[in-house]
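Read the structure below first, then the notes.
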Amino acid sequence: MKVLVIGSGGREHALVWKIASSPLVTKLYCAPGSAGIARSAECVAIKADAIQELCDFALKEAIDLTVVGPESPLALGIVDLFENAGLKIFGPSKAAAQLEASKAFSKNRMNQFGIPTARYEVFSNVNEAKHYVIESEMPIVIKADGLAAGKGVIICKTSQEAVTALDRMMTQQDFGSAGSRVVIEECLEGEEFSVLALTDGETIIPLASAQDHKRAYDYDRGPNTGGMGAYSPCPQVSDEKFQEVIQQVIRPMVEGLAKSGTPYRGVLYAGVMLTREGPFVLEYNARFGDPETEVILPRLKSDLVPVMLQVAQHKLEIKTLEWHEKACLTVVMASGGYPGHYHKNIPIQGLDAAASAQAVIFHAGSAKDAAGRWVTDGGRVLAVSGLGDNLKAAYDAAYQAVDKIKIEGAFFRRDIGKRALEVLK
Ligand code: AMP
Ligand code: GLY
């Protein structure tokens, strides 16, 4: 089989790494890919958003399966385009991908299908939104309706902060058109985790549980980022609780969308808060999580390719997946300044010494310079994943590898998985 993966980050490196291990795959491409990905796939210089060019390439090369990493080509309708051209592609249609592309759409569907989520209101008029927050109890959460690379959510402790956030989103358009409509919702408290499941619109195969660390610095301080580390499985979520979450947040969404005539196919990701009143959905994503993928896929024993192919064929016959009895923990090494301004082209040293049987290094934002040396090329540079018989062993494996890598000015969190390790104690 010829497979094409779309995207260039750490998530796509993990997908390529896993797909490359399938005996079914004879040729693997990644568009646009990266220098790290180039070790396992042939990179094609087409951007992830250039959906027509990608379709032309897939037709020319007779690609048997395309796997979409990031959200933006999904929101642009890449799946509809490929399917109309007779190509097999793993991901939701443009209509179903609205679940991530519009928070208002997503919240309306959750209400319609009886899925627990924070109470909310939607506003397109800034004065009405301001009036609403001034009358509301604090804290309150303000979310840009559209795609904002994980940065469009602001938790406001005072009404003054809320008014400022609304001005930034709706008047100054800090997130472009994504912020011209906002969702304002009540603030929930609890432990957060991610649930991902593969589905063809009917059959559901849950993947392993994972927890992301969104804040930039240790002990959940600092600004929100795309994700600074993750681990899987989550000891805070018992098997029973996990099944309950699948039944309460994944199944009703998959069934509801199918009944509404917009079946969801691909991987459905729910960000869940375990509150005292039970699990509440914070958001749905229409794709694999980053960095959740970098801890889930190293634990997966089954071949991912046949499952993805069946999803793309709209007929999932495989019902379960096999997992290694191991834990995985990933630490993101980020450029100094991220998620704000940062410099690129800073040398990365120690990659060869750090890789081992217990540690896989996924490249998120790196490149090779003219002399063939590794340099930084993005905010999140590497996701260093450690594997072990338990979470502590995975933690040790990941940090032993991280400590061998030197990137001037870079930073990473020291406390990935620490709360889970406390629970295990
Ligand atoms: P989202 O992009 O919707 O997942 O939001 C990003 C982050 O903001 C989440 O991972 C949560 O940590 C936080 N968040 C979102 N919605 C809420 C909420 N209603 N209450 C508390 N925290 C929230
Ligand atoms: N890890 C968060 C996300 O992928 O959206």
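All heavy atoms count here, side chains included; hydrogens, waters and symmetry mates do not. In listed order, ligands and their atoms are each counted from 1.
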Which segment of Val153 sits under 4.0 Å of ligand 1 when only heavy atoms are counted: side chain
Check: Tyr395 ring centre within less than 6.0 Å of Tyr231 ring centre: no
Residue pairs involving residues 354-368 (criterion side chain to side chain donor-acceptor pair (under 3.5 Å); sequence neighbours excluded): Arg39-His363, His363-Ser366
Atom pairs, nitrogen or oxygen, ligand 2 to protein, under 3.5 angstrom:
{"from": "ligand 2", "atom 1": "1 (N)", "to": "Asp212", "atom 2": "OD2", "distance (Å)": "2.7"}
{"from": "ligand 2", "atom 1": "1 (N)", "to": "Asp290", "atom 2": "O", "distance (Å)": "2.9"}
{"from": "ligand 2", "atom 1": "1 (N)", "to": "Glu292", "atom 2": "OE1", "distance (Å)": "2.7"}
{"from": "ligand 2", "atom 1": "1 (N)", "to": "Glu292", "atom 2": "OE2", "distance (Å)": "3.2"}
{"from": "ligand 2", "atom 1": "4 (O)", "to": "Arg287", "atom 2": "NH1", "distance (Å)": "3.0"}
{"from": "ligand 2", "atom 1": "4 (O)", "to": "Asp290", "atom 2": "N", "distance (Å)": "2.9"}
{"from": "ligand 2", "atom 1": "5 (O)", "to": "Asn285", "atom 2": "ND2", "distance (Å)": "3.3"}
{"from": "ligand 2", "atom 1": "5 (O)", "to": "Arg287", "atom 2": "NH2", "distance (Å)": "2.9"}

Those residues that, when tested against Lys404, pass side-chain contact (heavy atoms from CB on, under 4.5 Å) (two or more places apart): Ala353, Ala354
Under-4.0 Å heavy-atom contact with ligand 1, by part of Val141 that carries it: side chain
Gln173 atom CD: more than 12 heavy-atom contacts under 6.0 Å: yes
Carboxylate-amine/guanidinium contact Glu255 Arg251, below 4.0 Å: yes
Ion pair check, Arg221 and Asp415, cut-off under 4.0 Å: no
Arg299/Glu325 salt bridge by N-O under 4.0 Å criterion: no
Interfacing atoms of ligand 1 (cut-off 4.0 Å, heavy-atom, Glu185): 16 (N), 17 (C), 18 (C), 19 (N)
Listed once per pair and sorted, the ring pair (Phe, Tyr, Trp, His ring centres under 6.0 Å) pairs that draw on residues 245-284, sequence neighbours left out: none
Residue Cys187 vicinity, atoms of ligand 1 by number, heavy atom under 4.0 Å: 20 (N), 21 (C)
Note: Asp220-Arg215 ion pair, threshold 4.0 Å (strictly below): no
Atoms of ligand 1 close to Lys143 [distance to a heavy atom under 4.0 angstrom, numbered from 1]: 3 (O), 15 (C), 16 (N)
Salt bridge flag under 4.0 Å for residues Lys94 and Asp80: no
Glu189, portion touching ligand 1 at heavy-atom distance under 4.0 Å: neither
Mode of Asp212 contact toward ligand 1 - side chain, backbone, both, neither (heavy atoms, under 4.0 Å): neither
Carboxylate-amine/guanidinium proximity below 4.0 Å for Lys88 and Asp64: no
Backbone or side-chain N or O of Glu283 under 3.5 Å from ligand 1 N or O: yes
Nearest neighbour of atom 22 (N) of ligand 1 from the list Ile140, Thr117, Ile155, on a heavy-atom basis: Ile155
For Lys214, the ligand 1 atoms whose distance to one of its heavy atoms is below 4.0 Å: 10 (O)
